[in-house]
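Working notes for the structure below.
Every chain is numbered from 1, with letters handed out A, B, ... down the list of sequences.
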There are 2 protein chains.
Amino acid sequence: MAEVTTNLSIGQVAERTGLSVHALRFYEHEGLFVNPVRRGPGGRRVYSQDDVDWLTVCIILRASGMPLPALRRYADLVRQGAGNEEERLTLMREHQAHVTAQIGRLAECLDLIRFKVGVYEDLLNPDSAGDHQCHAPIPSAAAQPTEIRIGDARVSGS
Amino acid sequence: MAEVTTNLSIGQVAERTGLSVHALRFYEHEGLFVNPVRRGPGGRRVYSQDDVDWLTVCIILRASGMPLPALRRYADLVRQGAGNEEERLTLMREHQAHVTAQIGRLAECLDLIRFKVGVYEDLLNPDSAGDHQCHAPIPSAAAQPTEIRIGDARVSGS
DNA sequence: CTAGGATCTAGAGTCGGCTCTAGGTCAAGC
DNA sequence: GCTTGACCTAGAGCCGACTCTAGATCCTAG
């Protein structure tokens, strides 16, 4: 069995994860890795494919708005090994709820945005009768202090 | 007809929009209002229902991730009055695209999260055969790096 | 031998979007 | 008259998540 232990430099990992080398060092410093990053000659970081796989998960969790402390908590649990699956499940379920809620909120916002787009389209092209339905809180814009949370998930690229 | 011009204090507006008084002053300072906020005796801010309606729109746009500069741009256009509807439409369409993309990204993330939740559920309740399908690009990434042993793999510089 | 490039550490800086503080004005109630 | 509370301005501070800098080390190529 040829131990194909991939040995990647920080630059290579940056390249294939999309994270910067700075971010990789930062993540390590923040304790987000499951296993300590190995070091090669000269104290240089050496990453395995498992590290890259873990980072891929991290990136997805981050992209969906999980804050670093929660990610660190999750990494801690995985690092501790079997036995804490319930806690991991709880953590994941909570995050799932967050993401689901966020998607719902965005969908609501999208409703207003679509409505606005429709209004301007009609205005610029009055021929086509506009029949936009908007099952959202736009007519009653003055209604309730809808609890919309500003500033939640920030996702790559932007 | 009785002039029903609602005159609201900053505190009242804060209360019914959910924004803080600090945020309201900040938004004004940032030029996010369509019309200049009136002032009452003692230089106190006086808001109309229109202001509140506009803020409601702002809140929704912010909640969907529109950055302040874009919001300011939109306010500028509205302030300038009729004639720039195309630009407003463009702005709104761009934002619509952003939000749609963001929802898509979050949905993808949710796929991994659901998968993870499923894995842990099965692990804790092995009776029910779990058949989770994950129609996302994550099968390999979701592999559990539980207890990864890092041998004394030496990194030969080669 | 020397230059270039990737890496290292520790720590400072950046950015967006508020949030808070300090010091002051003003109107109402006791 | 005095206190309280809402409001004012200008500007400082905060938070999260990086990003960048400085100065050093090390490897490889020419």
Rounded to whole Å, please give me the gap between CD in B/Glu28 and P in C/dC18.
15 Å
A/Glu28/A/Arg39 ion pair, N-O < 4.0 Å
yes
Among D/dC18, C/dT9, C/dA6, the nucleotide that comes nearest once only the side chain of A/Arg45 is considered:
C/dT9
Aromatic rings A/Tyr47 and A/Phe33: how do their planes relate, parallel, tilted or perpendicular, breaks at 30° and 60°?
tilted
Does B/His29 or B/Val21 map to a spot on DNA chain D nearer the 5' end, using the closest nucleotide for each?
B/Val21
Below 4.0 Å: OP1/OP2 of C/dC18 and any side-chain N or O of B/Tyr27
yes
Using a 4.0 Å heavy-atom cut-off, does B/Pro67 contact any base of the nucleic acid, only the sugar-phosphate backbone, or nothing at all?
sugar-phosphate
Check the distance between D/dG5's P and B/Ile10's CD1 and give it to me in whole angstrom.
19 Å
Nearest-nucleotide 5' precedence on DNA chain C, B/Gly65 against B/His22:
B/Gly65
Within the distance-only criterion (no hydrogens, no angle test), does the side chain of A/Ser64 pair as donor or acceptor with the backbone N or O of A/Val99 below 3.5 angstrom?
no
Whole angstrom value for the distance that separates P of C/dA6 from OH of A/Tyr47
16 Å
Rounded to the Å, how far apart are A/Leu24 CG and C/dT7 P?
10 Å
Does the pair B/Val13 and B/Val52 meet the rule for a side chain to side chain contact (heavy atoms under 4.5 Å, CB included), with working shown?
CA-CA 7 Å; B/Val13 173; B/Val52 174; 4.2 Å; yes
Report yes if at least one side-chain N or O of B/Ser9 is closer than 4.0 Å to OP1 or OP2 of D/dC7; otherwise report no.
yes
Between D/dC20 atom C1' and A/Leu19 atom CG, what is the distance in whole Å?
17 Å
Between D/dC18, D/dT25, C/dG17, spot the one nearest the side chain of A/Phe26, thanks.
D/dC18
Against the side chain of B/Arg39, the closest entry in D/dC8, D/dA17, C/dT7 is D/dC8
Applying a 4.0 Å non-hydrogen cut-off, can you work out what B/Arg25 is touching in the nucleic acid: base, sugar-phosphate, or nothing?
base
Polar side-chain contact A/Arg62-D/dA17 base: donor and acceptor under 3.5 Å
no
Using whole Å, what does the distance between atom P of nucleotide D/dT9 and atom CZ of B/Arg44 come to?
11 Å
Is the closest side-chain donor-acceptor distance between B/Gln96 and B/Arg93 under 3.5 Å?
no
Rounded to whole angstroms, how far apart are CD on B/Glu15 and P on D/dG5?
16 Å
